[in-house]
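What follows is a short report on a single structure.
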Amino acid sequence: MVTAAKLLPDSVTPSSLLNSLFNHHPHPPATFSHSRSFQQPHRTFNTIRASALNRRDFIADTAAAAAALSLTGLDSGTSIAKADVLSEWERVLLPIDPGVVLLDIAFVPDDPSHGFLLGTRQTLLETKDGGNTWVSRSISSAEDEDFNYRFNAISFKGKEGWIVGKPAILLHTADSGDSWERIPLSAELPGDMVYIKATGENSAEMVTDEGAIYVTANRGYNWKAAVQETVSATLNRTVSSGISGASYYTGTFNTVNRSPEGNYVAVSSRGNFYLTWEPGQPYWQPHNRAVARRIQNMGWRADGGLWLLVRGGGLYLSKGTGITEEFEEIPVQSRGFGILDVGYRSKEEAWAAGGSGVLLKTTNSGKSWSRDKAADNIAANLYSVKFINDRQGFVLGNDGVLLKYLG
């Protein structure tokens, strides 16, 4: 499974070394440490519950017709409309405010029915039935402050899980999410944490929108820099290398995606070039875009190649596998709306999602795509496609829209 993160652009001050940003000492060590004296919070649940109802008689060609919605009473006395099936997907209604943007989803490997869903406005939902129903979850150590956190990313390895968000917050669980412990972070962390990957026992890899990559092997007590400088510092040092648009770089990524092998591809905040990083490299490597329009998002195909989305709805696939600057355009029916993400269910099957309910499918490794018209009447932008495995997939959007794969 390929993972991705959506970032918020921001300004950055170039630095020669990432580690130096953790301390005011002129020669700081390559790690930072902290004291962890926080009590593990007890979990609490809202009484609101929402469920999705399969409606197999929903016909894509008559998607414009109004679908009948039935109401069901809830524990709190509130009622909520049930959802409709959209071809191979069903919409799951959630107990959250309509304005919430969903950002990431993950399941506990030891229990595939147990998962968590993240979003803006401090949204944290939990499911124990594979994503059919969700309940709101709160973390006391995050609610004691005046911040309204944006939870950006979540990852599990075994029973161990991590969550990162903005403003800077890092949460860790060792019991499949029954309790979450907040881990203090240095105020000098360069950029906002936008992605985290659980890599092993007590181990994780964390990325910020300024290109900092840190790894821990002792449950977050210490973090070590995997790259030697921020992306801004790299571009300032290599501005004469011929990278178009590097001089206009504002200091943050627009998106960043990680392959299963640990390679990264990131799109600059303005979309005028992209960068890659492989484990062991000291710096991010900038690349000129090979297309006229600016890049919206990039990620990894199931076969190890790259996909590239441009603003306005274009889709490109790299020639061959691995890191390259050679791409070919693939015709798609995006109706002029931007395509925002691609998720692979297998090497042959993938789904692309985008603005105004655009939902596309390929069954031949991306050579051709067909549009799922039944999703056209979803009044939301679909930002992210996540396949947990070949039987379990989700599409995340704004206004609390969550689609669940039916297969």
Side-chain angles (χ1 to χ4, degrees), residues 1-5 15 17-23 25 27-40 104 106-111 116 118 139 141 151-166 168-231 256-266 276-284 300:
M1 180 185 68
V2 176
T3 52
S15 171
L17 293 175
L18 289 178
N19 291 323
S20 65
L21 296 178
F22 279 97
N23 300 282
H25 193 281
H27 302 287
T31 61
F32 67 88
S33 60
H34 52 71
S35 173
R36 305 200 303 176
S37 58
F38 289 75
Q39 294 183 347
Q40 293 187 354
D104 202 8
F107 282 76
V108 180
D110 296 344
D111 183 4
F116 293 85
L118 309 182
I139 298 176
S141 61
F151 293 135
N152 286 321
I154 182 171
S155 179
F156 276 93
K157 183 78 170 181
K159 295 182 178 181
E160 190 172 6
W162 306 79
I163 292 176
V164 294
K166 177 185 178 181
I169 186 170
L170 176 62
L171 303 172
H172 175 264
T173 180
D175 54 13
S176 302
D178 288 341
S179 61
W180 292 90
E181 174 189 17
R182 183 168 181 177
I183 299 177
L185 288 166
S186 168
E188 300 299 320
L189 182 72
D192 296 317
M193 295 178 296
V194 293
Y195 177 78
I196 194 161
K197 173 69 175 179
T199 56
E201 185 178 359
N202 297 325
S203 301
E205 187 174 277
M206 177 176 63
V207 183
T208 77
D209 62 353
E210 293 182 11
I213 302 177
Y214 289 97
V215 295
T216 182
N218 59 2
R219 204 176 177 181
Y221 279 101
N222 305 95
W223 295 85
K224 182 178 180 180
V227 292
Q228 295 183 11
E229 62 187 15
T230 62
V231 173
V256 59
N257 286 271
R258 185 185 190 274
S259 74
E261 297 74 28
N263 301 326
Y264 285 91
V265 59
T276 59
W277 182 83
E278 298 176 271
Q281 291 182 334
Y283 315 110
W284 285 86
W300 303 91

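In this text, all values refer to a predicted model and were calculated from it rather than measured experimentally.
- With hydrogens and angles ignored, the 3.5 Å screen pairs no side-chain donor or acceptor of T230 with any backbone N or O of E210.
- Side-chain N/O atoms of E188 and S186 include no donor and acceptor closer than 3.5 Å.
- For the pair D104/F151, no side-chain contact is recorded, criterion being any heavy-atom separation below 4.5 Å from C-beta on.
- How far CG of L189 is from CH2 of W223: 9.5 Å, rounded to the nearest 0.5 Å.
- Note: W277 and W284 have tilted aromatic rings, judged against thresholds of 30 and 60 degrees for the angle between ring planes.
- Scanning all heavy atoms of the two residues, the minimum distance from A198 to S155 falls at N-OG, 2.9 Å.
- Counting heavy atoms from C-beta on, the side chains of T216 and W162 come closer than 4.5 Å.
- Every residue two or more places apart in sequence or in another chain that forms a side-chain contact (heavy atoms from CB on, under 4.5 Å) with S203 is listed here: T199, A217.
- Taking each heavy atom of R182 and I169 in turn, the nearest pair found is NE-CG1, 3.7 Å.
- In this structure F116 satisfies the ring pair (Phe, Tyr, Trp, His ring centres under 6.0 Å) test together with H114, F156, W180, sequence neighbours excluded.
- Inter-residue side-chain proximity for M193 and L185 is flagged as met; some heavy-atom pair is nearer than 4.5 Å.
- One finds the CG atom of D192 at 4.5 Å from the NZ atom of K166 (value rounded to the nearest 0.5 Å).
- V164 has its side chain within reach of L170: a pair of non-hydrogen atoms, C-beta onward, lies under 4.5 Å apart.
- Residues G158 and V108 come closest through the heavy atom pair O-CG1, 3.5 Å.
- For V231 against G211, the heavy-atom pair with the smallest separation is CG2-CA, 3.8 Å.
- The CD1 atom of I163 lies 8.5 Å from the OG1 atom of T173; values are rounded to the nearest 0.5 Å.
- When side chains are defined from C-beta on, D175 does not count as touching K159, because their heavy atoms never get closer than 4.5 Å.
- Counting non-hydrogen atoms of neighbouring residues, nucleotides and ligands closer than 6.0 angstrom, the CD atom of E201 reaches no more than 12 such neighbours.
- Put simply, CG on N222 and OH on Y214 are 13.0 Å apart, with the number rounded to the nearest 0.5 Å.
- For the residue pair S176/D178, the side-chain donor-acceptor check at 3.5 Å is not satisfied.
- Counting heavy atoms from C-beta outward, N218 and N202 have side chains that stay 4.5 Å or more apart.
- When R258, K224, K197, K157 are each tested for a salt bridge (charged side-chain N to carboxylate O under 4.0 Å, His left out) with E205, only one passes: R258.
- The heavy-atom pair separating G191 from D209 by the smallest distance is CA-OD1, 3.4 Å.
- Looking at heavy atoms from C-beta onward, P279 lies in side-chain contact with N263 at the 4.5 angstrom threshold.
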